[in-house]
Colleague: 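The structure under discussion is supplied below as structure tokens; questions concerning it will follow.
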Amino acid sequence: MFMEISEIVSKQKEFFSTHQTKNIRFRKMYLEKLKALLISNEKLLYEAIKQDFGKSEFDTFTTEISFVINDINYYLKNLKSLSRPKKVSTNLINQIGKSIVFPEPLGNVLVIGAWNYPYQLSLSPVVAALAAGNCCIVKPSEIAENTMKAITTIINENFPPEYLYSYEGGVEETTELLKLRFDKIFFTGSTKVGKIVYEAASKNLTPVTLELGGKSPAIVTKDANLEVAAKRIVWGKFLNAGQTCVAPDYLLIEETVKEQFLETLTKYIKTFNYQAGSGHYTKIINLKNFDRLIALIDAEKVYSGGSYDHEKLFIEPTVLSNISWTDKIMQEEIFGPLLPVISFTNYNIIINQICELEKPLAAYLFTNNSEEKEIFKNKLSFGGGCINDVMMHLGNENLPFGGVGNSGIGNYHGKFGFETFSHQKAILEKATWGEPDIKYPPYSEKKLGWIRKIINF
Ligand code: NAD
């Protein structure tokens with residue numbers, strides 16, 4: 001039966017108002033159902049993403065399916081305690097009473113996903129939204145068309161549309177969708193489109209979470225374990241052919257260890273054997289992005305790599321050295337397998353220079369020097385990051401994941417995801433006896449004196 005999207009949104013509002021989604025057993029039942037569907041459709045999910053950009057089963061399992069399953073397991077285990085009203089202390093002026101923070105679902109929410117980790121980025125927010133007791137419409141990215149279709153098949157054939165529905169569409173359909181009223185919009189994608197979503201949401205005062213991008217630096221100082229740093233940076237940069245929002249975008253290397261470090265980097269690029277069609281290296285998603293990336297390669301600055309294949313949409317892992325801040329490649333998020341390298345001689349100066357740029361989604365520091373670690377933590381503002389690793393902070397559900405400034409608003413994962421899709425309702429319950437008279441008229445100097453004393457003024 002065909003239904004207009006506006007009709008589905010209305011049905012979700014209606015269904016939410018029956019309060020069924022607030023029942024913990026109801027939420028768990030559907031989370032279990034989604035988990036079972038992901039497991040039974042594993043092959044379909046692998047096949048679709050392979051067709052979209054050649055992603056291997058290994059990468060799809062470790063960076064997508066296992067992520068979503070892990071989220072579901074987390075909520076199945078913690079849902080009761082997350083949804084429980086939390087008693088907090090009550091101050092003197094509110095005695096005799098008790099105070100409660102009461103988490104409640106927001107209502108009908110919209111999740112808009114990006115294409116680069118299509119399962120994780122569309123379904124992890126959906127899992128958090130359902131765990132928190134909402135109805136949800138998910139709009140996967142049309143750029144990864146086959147994965148979008150796989151998500152739609154799994155959801156729309158198995159869930160009631162008034163509870164969870166996958167809506168397919170590109171810019172035109174999403175523009176129309178954003179005209180409808182939601183109780184929350186969770187968007188993952190570029191900063192440019194994030195602003196469009198924010199503006200549309202403001203018309204209805206709809207709260208948003210914006211998971212955006214940016215240029216995330218990796219800094220390597222002379223006090224780093226260079227072998228470990230090179231191995232981890234190569235892995236993080238070239239996973240998914242660099243099409244990862246938290247990938248190290250560019251490398252800042254201390255001048256005295258530059259040559260040694262670049263040699264170690266290229267050693268690992270060779271060891272990891274990134275070939276077109278290999279099981280662990282993907283192609284560029286489409287010609288538009290391929291052409292954009294090729295235009296960023298300055299042949300005179302190629303240190304290693306630099307070749308590409310138009311037909312296969314393949315770009316070799318490429319390291320570009322002697323880059324300066326004004327080079328074209330430093331003006332936008334790269335989102336591909338190109339690693340520009342800038343060297344520095346003074347750690348404090350380079351930190352100050354990063355502080356002048358837009359706040360990145362991630363930042364990485366490789367060093368064993370505790371003073372450098374402290375400066376990194378205290379001076380740099382970024383969404384999240386690692387010391388002596390890259391990207392792995394995402395793998396800890398006890399850490400919030402999200403940006404700051406231009407790289408995003410809000411966060412999710414674990415309890416943070418639950419809170420993102422909840423309203424924390426404050427309730428003060430008073431006894432109907434034992435109340436002092438001081439707040440009621442007629443006022444007097446004596447009453448004011450007591451109030452001043454109580455609030456320590
Ligand atoms: P995008 O902004 O082009 O698209 C994201 C979503 O917005 C898609 O579903 C798309 O259909 C929709 N969209 C596109 N144009 C629109 C418009 N004009 N109006 C309404 N909706 C529109 O991003 P992308 O190319 O899918 O992803 C790449 C970007 O996303 C990069 O900047 C990357 O850093 C960022 N990203 C961020 C995260 C994160 O978790 N913070 C994760 C992945 C990607």
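The figures here come from the full heavy-atom set of this structure, side chains too, leaving out hydrogens, waters and symmetry mates. Note that ligands are numbered from 1 as they come in the structure, with each ligand's atoms numbered from 1 the same way.
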Colleague: Report yes or no: does Arg27 contribute a side-chain atom to a donor-acceptor pair with the main-chain N or O of Leu130 at less than 3.5 Å?
Modeller: no
Colleague: Once you measure the plane-to-plane angle for Phe53 and Trp115, does it fall in the parallel (<30°), tilted (30-60°) or perpendicular (>60°) bin?
Modeller: perpendicular
Colleague: Write out the protein residues near ligand 1, meaning a non-hydrogen atom under 4.0 Å from one of its atoms, in order of chain and number.
Modeller: Ile112, Gly113, Ala114, Trp115, Asn116, Leu121, Lys139, Ser141, Glu142, Val171, Thr174, Phe187, Thr188, Gly189, Ser190, Val193, Ile196, Glu211, Leu212, Gly213, Cys245, Glu333, Phe335, Leu361, Phe401
Colleague: Scan for ring-ring contact (aromatic ring centres under 6.0 Å, His included) pairs involving residues 132-159, sequence neighbours excluded, and state none if there are none.
Modeller: Tyr30-Phe159
Colleague: Go through the structure and list residues passing side chain to side chain contact (heavy atoms under 4.5 Å, CB included) with Asn346, not counting sequence neighbours.
Modeller: Asn348, Ile349
Colleague: Give the C-alpha distance, both sets of side-chain angles, the deciding distance and a yes or no for salt bridge (charged side-chain N to carboxylate O under 4.0 Å, His left out) between Lys139 and Glu173.
Modeller: CA-CA 10 Å; Lys139 210 274 328 153; Glu173 291 81 1; over 6 Å; no
Colleague: Any salt bridge (Lys or Arg N to Asp or Glu O under 4.0 Å) pairs touching residues 384-410, not counting sequence neighbours?
Modeller: none
